[in-house]
Amino acid sequence: MSSVTANLGKATAALNGGRILLGAVFFAASLTPSLIPRDELIQGALSGGVFAIGYALGSFFSWLWFYLEFPRLNDRVRLPLNALALAGSVFIALAALTQATNWQNSIRAVMAMRPSEGTWLLMLCVVAVLTATFLFVIARLLRALTTVVASRMSRLVPRRVSNVIAVVVTALLVWSVASNFIVRTALNVLDSSFAELDRLFEPEQPRPADPEKTGGTHSLIGWEELGRTGRRYVASGPSAEEIRAFTGRPALAPVRVYVGLRGADTAKKRAELALKELQRQGGFDRANLVVITPTGTGWVDPSAIDSVEFLHHGDVASVAVQYSYLNSPLSLLVQPDLGAEAARALFLEIYRYWTSLPRDKRPKLYLHGLSLGALNSEKSVEFFEILSDPINGALWSGSPFGSRLWRSFTEGRNEGSPAWLPTFGNGQLVRFMNQGGATLPKDTPWEPLRIVYLQYASDPITFFDLRIAYHPPAWLADPRGPDVSPSLRWFPIVTMLQVAIDMGFANNAPMGFGHVFAPEHYTDAWVTLTDPPGWTQDQLARLKKYLASEARKPDTDLAPAYEDRGG
């Protein structure tokens with residue numbers, strides 16, 4: 001009996017209850033809501049990873065305690081404390097699991113989603129255990145490798161020096177293998193896969209019957225050169241007949257110009273080709289011209305462009321140039337400068353020609369970008385260059401947290417305005433909008449140059465920040481955004497990891513939340529930016545209802561254009 005007790009005591013000591021307790025606290029915090037609803041697989045992987053991080057931190061504190069040669073507790077004290085910590089860990093984990101479904105449903109409630117059932121908890125726990133186990137195995141293997149290297153080096157140098165060398169060598173080895181083999185191979189495969197996907201021809205998208213359209217028989221750009229996203233963009237726009245049927249007023253067929261990566265060898269040549277195609281189609285004869293910077297794969301959000309085309313009865317030309325096959329996160333990681341280079345080249349080509357035209361006979365010129373497109377569109381223009389002849393404005397939606405201008409305006413917001421919907425200065429240069437529309441009265445005057453940011457408080461791509469790891473974010477202060485769970489609480493490290501995971505799934509939110517922008521909200525933004533004439537409030541409400549209905553139907557002609565959402 002005494003041997004059994006002794007073995008049990010050793011096992012309890014080996015478990016180190018303090019580390020597990022810290023892991024359990026992290027695990028419980030990871031179950032609380034963040035910005036985007038999570039399913040059981042994502043939540044399980046997150047919770048398992050967060051538990052491992054908490055345990056690792058506990059291990060680090062334990063090592064630091066011994067390294068600093070603080071006194072060790074004897075077994076009489078340590079064993080009961082370990083047992084108490086283990087019991088507390090189980091209690092904390094179970095208490096959090098009982099609330100996990102309610103916490104997730106609190107996000108779903110503000111996004112008008114159906115509540116999830118409690119049956120997801122079993123799968124969550126299984127995935128969490130598997131994830132934590134996998135990370136522990138990796139950690140053990142790395143520790144074993146470090147021990148072997150340190151043992152070999154200790155024959156040549158002092159023990160502590162050998163330990164440092166072992167850690168450095170292991171880190172360099174892991175980094176080398178990961179970056180030069182695993183990551184490089186994966187990126188090459190992904191690049192090839194996205195390139196093949198871009199070449200894919202869908203049977204429902206034949207070449208335009210109108211020979212004047214981009215990709216038509218008279219076009220300077222071949223239909224096959226547009227790429228998948230370009231063909232979908234060109235094919236999905238409303239016709240003059242559709243606009244006329246809805247508004248009851250004369251309408252023009254919108255001009256949509258798109259140049260894919262295969263259109264020319266360099267960003268400058270693609271921009272020059274886009275300008276020529278825009279001239280050929282009479283784009284500079286329209287009342288409004290929108291220069292679009294697409295997302296990573298070249299995707300342009302139909303919600304953004306359809307709305308402005310309806311508002312101006314088709315008297316709109318738009319132009320976009322593709323700069324990558326990869327989706328936005330990979331494009332930003334692997335080719336961080338390509339998007340900005342392409343956006344800058346296109347803007348300069350269009351702007352130089354636009355400024356050569358008589359001011360009373362040229363279109364109003366606007367910029368637009370979503371997500372990575374917004375970040376690169378922002379970089380395309382140097383405002384000191386256009387002071388003498390400014391463009392008319394820009395609509396940037398879902399600007400990523402790294403956007404320089406967006407961050408400057410947000411951090412310089414007026415005192416008392418929330419970080420998720422700021423007011424800046426007198427509102428004559430820049431305005432922020434969300435689901436509720438504008439924050440300023442309609443008759444507030446504008447400067448010649450107008451900037452509108454459309455953003456949702458529940459968008460992690462906009463509101464992620466590494467500083468969340470150690471400081472509560474400003475967007476969590478009261479009052480909160482209407483689409484942020486009232487149960488969301490800040491926890492050091494954990495909340496930052498939650499929002500980081502949310503970024504990968506921000507496009508899975510319902511339309512009108514997260515990173516999925518709704519046409520009715522784009523309509524409000526374009527009205528604020530462009531002042532379309534002749535629309536009453538009742539007519540605008542009818543248009544927003546129509547566009548919202550069309551965008552949310554899975555079986556309409558627009559459906560293929562939405563399939564590449566997020567890019």
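Y522 pairs by the ring pair (Phe, Tyr, Trp, His ring centres under 6.0 Å) definition with H368, not counting sequence neighbours. With sequence neighbours excluded, no residue forms a salt bridge (Lys or Arg N to Asp or Glu O under 4.0 Å) with R413. Partners of V110 according to the side-chain contact (heavy atoms from CB on, under 4.5 Å) rule, which considers only residues two or more places apart in sequence or in another chain, are P486. Residues forming a salt bridge (Lys or Arg N to Asp or Glu O under 4.0 Å) with E411 (at least two apart in sequence, or on another chain): R407, R467. Partners of D502 under the side-chain hydrogen bond (donor to acceptor under 3.5 Å, both in side chains) rule, at least two apart in sequence or in another chain, are S34. Evaluation of the side-chain contact (heavy atoms from CB on, under 4.5 Å) rule for I42 yields R38, D39, I501, F505 as partners, not counting sequence neighbours. Applying the ring pair (Phe, Tyr, Trp, His ring centres under 6.0 Å) rule to F27 yields no partners; only residues at least two apart in sequence or on another chain are considered. H313 is linked by a side-chain hydrogen bond (donor to acceptor under 3.5 Å, both in side chains) to R249, counting only residues two or more places apart in sequence or in another chain. Remark: S89 pairs with I20, L21, A24 by the side-chain contact (heavy atoms from CB on, under 4.5 Å) rule, at least two apart or across chains. Every residue meeting the side-chain contact (heavy atoms from CB on, under 4.5 Å) condition with R542, not counting sequence neighbours, appears here in chain and number order: F246. Partners of K544 under the salt bridge (Lys or Arg N to Asp or Glu O under 4.0 Å) rule, at least two apart in sequence or in another chain, are D524.
Note that the CD atom of Q99 and the OG atom of S106 stand 10.5 Å from one another [nearest 0.5 Å]. Distance check, rounded to the nearest 0.5 Å: CD1 of I493 to CG of L57 gives 5.0 Å. A distance of 14.0 Å separates CD in Q43 from CE in M123, rounded to the nearest 0.5 Å. The distance from the CG atom of L41 to the CG atom of L46 is 12.5 Å, given to the nearest 0.5 Å. Rounding to the nearest 0.5 Å gives a distance of 8.5 Å between CG of L121 and OG of S116.
At a cut-off of 3.5 Å, with distance as the only test, no side-chain donor of Y453 or T462 sits close to an acceptor on the other residue. If you check the side chains of S236 and R256, you find a donor sitting under 3.5 Å from an acceptor. A donor-acceptor contact under 3.5 angstrom links the side chains of H515 and D459, judged on distance only.
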Show me, pair by pair, the donor-acceptor contacts under 3.5 angstrom made by side chains of residues 416-426, not counting sequence neighbours?
| unit_1 | atom_1 | unit_2 | atom_2 | d |
| --- | --- | --- | --- | --- |
| S417 | OG | N414 | O | 2.7 |
| S417 | OG | T423 | N | 3.4 |
| W420 | NE1 | P479 | O | 2.9 |
| T423 | OG1 | N414 | ND2 | 3.2 |
| N426 | OD1 | Q428 | N | 3.0 |

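Proximity of the aromatic rings of F409 and F432 is defined here by a centroid distance below 6.0 angstrom, and this criterion is not met. Centroid-to-centroid, the aromatic rings of Y456 and F517 come within less than 6.0 Å.
The neighbour count for F134 CZ, taken as heavy atoms of other residues, nucleotides or ligands under 6.0 Å away, does not exceed 12.
Under a cutoff of 6.0 Å and an axis angle of 45°, R489 and W103 do not form a cation-pi pair.
Salt bridge annotation for D531-K364: absent, with no cationic side-chain nitrogen under 4.0 angstrom from a carboxylate oxygen.
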